[in-house]
Amino acid sequence: MFIHNLKYSFKTLLKNKMLIFWTFAFPIILGTFFKMAFSNIENSEKLDIIDIAIVENDEFKNNEIFKETFKELSDDNNEEKLFDIQYVNEEEAKELLNNDEITGYLIIKDEPNIVVNTSGINETILKYVTEEITQTQSMIENVAQNKVEEKVKDIVAGKIQFTSYEEIYKQIYDEIVDMLDKNNANISNISSSNLSYTMIEFYTLIAMACLYGGILGLVAINQNLPNMSNNGKRVAMSPTPKYKVILSSVLASYIIQLIGIALLFIYTIFALKVDYGTNLPLIVLLACAGCLAGLSMGVAIASVFKTNDNLKTGIVISFTMFGCFLSGMMGITMKYIVDKNLPLVNKLNPASMITDGFYSLYYYDTLDRFYFNLISLLAFASLMIVISILSLRRQKYDNI
Amino acid sequence: MKNVIEVKNLTKEYKKLKAVDNLTFDVYEGEILGLLGPNGSGKSTTINCILSLLNFSDGSIKIFGKEMKPNAYDLKREIGVVFQDVAIFDELSVYDNIDYFCGLYIKDKEARKSCIEDAIALVGLEDFKKFYPKQLSGGLLRRLNIACGIAHKPKLIFLDEPTVAVDPQSRNNILDGIEKLRNNGATIVYTTHYMEEVEILCDRVIILDKGKIIASGTTDELKELAKIEEKVSVEVKDLDEKYIEDIKDLDNVEDVDYSNGLLLITYKKGKNNLVELMDYLKKESIKYNKIFSERPTLNDVFLELTGKELRD
Ligand SMILES: Nc1ncnc2c1ncn2[C@@H]1O[C@H](COP(=O)(O)OP(=O)(O)O)[C@@H](O)[C@H]1O
Ligand SMILES: [Mg+2]
């Protein structure tokens, strides 16, 4: 019975032109479009060195990490030179910005602030670099504190011999310098791939394709529920329990969705030459979780709302598009703005979970952020599944 | 006679509207029961309640002596339903459509295959097995819809207006098919608003209006309910007013209408009406072309009981 249903679910879903368009063709078309539209930007962008100013106040002078990093990023001998920097006071910086002589300026008052006039690629890069440095800084501060505590504990516990303060500080210092080197690599990574402006587009493209799988789930549910379709009435009247039919349909949807995503990866990697980084198993894992999130969202929407197919499809498509927009599909600036000002929105936005997961694999050495996104996706999917089950438990209907 | 379905005090309300109002009736084994009523009289709602698809406010349903419930899978196995709206997959061929739905009942492939072939033969779709629904005419689509509902050889079959908007050829094919199903031992509940079909097909009829049973019985029993005995039409040219007045005075005549060369006489209960009329026409040497007599239809019964036509 299960195999029978599975077979026919494949047949019906794969022959549904609307489904095939949204889940297979549309992402590929959009990807091709991205490639054409952004390949020029990408090339010219690489040559750009960004003019900025830094307000040289006491706080900046005392901030070793900022001072050193910006010095390095503006060093003429550095192949990955990113900035031309003028060190000025605040008044001068404002004037330079107003005269459009610089993209923006950095001023550290309590916190590092970036002041820009417009939003664009250069502005975004400046903001990203600054944010990256800020993160590094707070990480180092944390680490330093932990290290000291660690050492003290170790000494108290007798694990290491107390020799002299100088000796201990030296050890801590070495360990931190070690970390700093690693993080510098991170920042130069950003500059060398010039934030790979188009990468975010492709991440959101994958996210979109995953979430569009919701349409498959939606159709799979609609055709099996008596209050949603005439075919569903037949299913409801048969001696095959509803959950069996629905499970096989949803499974078929998931498999089709994975095939679609696989095709999209193959197409973007081999035809469009998109580089997703090196961690392929994790990329696949995240895509699978993304598909599950999309599918379960479609299933939930289909189970809860009693309207026609087209409207439900519209809901899935607009939700997906909006989510992708917030996570940077129409420009990375959007992701930056939302991450910064409404962090909760993108924490709850499945498109952003997928995009950010890929992003973190590409830009970070540690996997914490990746796993956070992965778990968020699974949590989102679970929530959707619970909603679906609650609403699918109904056996009889008030009207059909 | 064994009861296959027992409906007791079934009441179903949509928000404010009472779509089905305190229905009680039985369906006997081996019969074709017609549910006759105009659009909106509650036929589909009644069926969907019996099938346990709809919640109902009151009443009880027993099928084969057991209470009908959404998870009464043993009962569902024996039931076939042809819903009012065509329920098939556009993406599947004729054969695959039947195979899919039949597969929800019958696991064994060989057994299923023979069932499908039988169903296809019953509705006469042998030449269209590989066709897709889009390539079928409305009538053929309806036939496929029926095949999908009955392929698993159910003992109890519900057909909800299976002939709506169907060409005459397909209609005859469908009515023949239903007759065959009954002859093979199935019990059938058939809803329609075409009284002609009920007269041809059904052993017993329940007439519904506004969710209530207004009459039930065999066609003949129902026709007894009509006050009129027959309607006689005569094609006659230029009939003088005085003859019309005379005819009005003949025995049993209820009403006379003359227009466009057609004389229409309605008779109350009574015998030998036609003979008397013909004698009169002969006596007065009135020339006429055709003359024919009609028994009252179920429409007349409906008109009688509700004051409105069955079909709008
Ligand atoms: N889902 C529904 N919600 C509200 N009213 C309905 C619904 N379905 C049917 N009705 C109303 O219930 C009455 C009976 O409908 P129905 O059973 O479909 O009649 P029939 O099948 O005899 O044409 C009609 O007045 C119809 O408008
Ligand atoms: Mg109806």
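Keep in mind that this is a model prediction, so the values were computed, not measured.
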Got a sec: does the CZ of A/F322 have more than 12 other heavy atoms crowding it under 6.0 Å? no
Qualifying salt bridge (Lys or Arg N to Asp or Glu O under 4.0 Å) pairs, either residue in residues 203-223 of chain A, two or more places apart: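 Qualifying pairs, neighbours excluded: none.
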Tell me every residue that passes side-chain contact (heavy atoms from CB on, under 4.5 Å) with A/Y267, counting only those two or more places apart in sequence or in another chain. A/I28, A/T32, A/A271, A/L272
Within residues 290-300 of chain A, the residues sitting under 4.5 Å from chain B by heavy atom, in sequence order, are none
Hey, what donor-acceptor pairs show up under 3.5 Å between chain A and chain B?
| from | atom 1 | to | atom 2 | distance (Å) |
| --- | --- | --- | --- | --- |
| A/H4 | ND1 | B/R112 | NH2 | 3.4 |
| A/H4 | NE2 | B/D99 | O | 3.4 |
| A/H4 | NE2 | B/Y100 | O | 3.0 |
| A/Y8 | OH | B/D96 | OD1 | 3.3 |
| A/Y8 | OH | B/D99 | OD2 | 2.5 |
| A/K11 | NZ | B/D96 | OD2 | 2.6 |
| A/K15 | NZ | B/Y132 | OH | 2.7 |
| A/N231 | OD1 | B/I88 | N | 2.9 |
| A/N231 | ND2 | B/I88 | O | 3.2 |
| A/R234 | NE | B/A87 | O | 2.9 |
| A/R234 | NH1 | B/V81 | O | 3.4 |
| A/R234 | NH2 | B/A87 | O | 3.2 |
| A/R234 | NH2 | B/N145 | O | 2.9 |
| A/R234 | NH2 | B/N145 | OD1 | 2.4 |
| A/A236 | O | B/K76 | NZ | 2.6 |
| A/T240 | OG1 | B/L104 | O | 2.6 |
| A/Y397 | N | B/L53 | O | 2.9 |
| A/Y397 | O | B/N55 | N | 2.8 |
| A/D398 | O | B/K12 | NZ | 2.7 |
| A/D398 | OD1 | B/N55 | ND2 | 3.0 |

Heavy-atom cut-off 4.5 Å, strictly under: side chain, backbone, both or neither for A/V235 against chain B?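 Contact with chain B: backbone and side chain both.
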Check each atom of B/L53 against the heavy atoms of chain A and say whether the ones under 4.5 Å are side chain, backbone, both or neither.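 Both parts, backbone and side chain.
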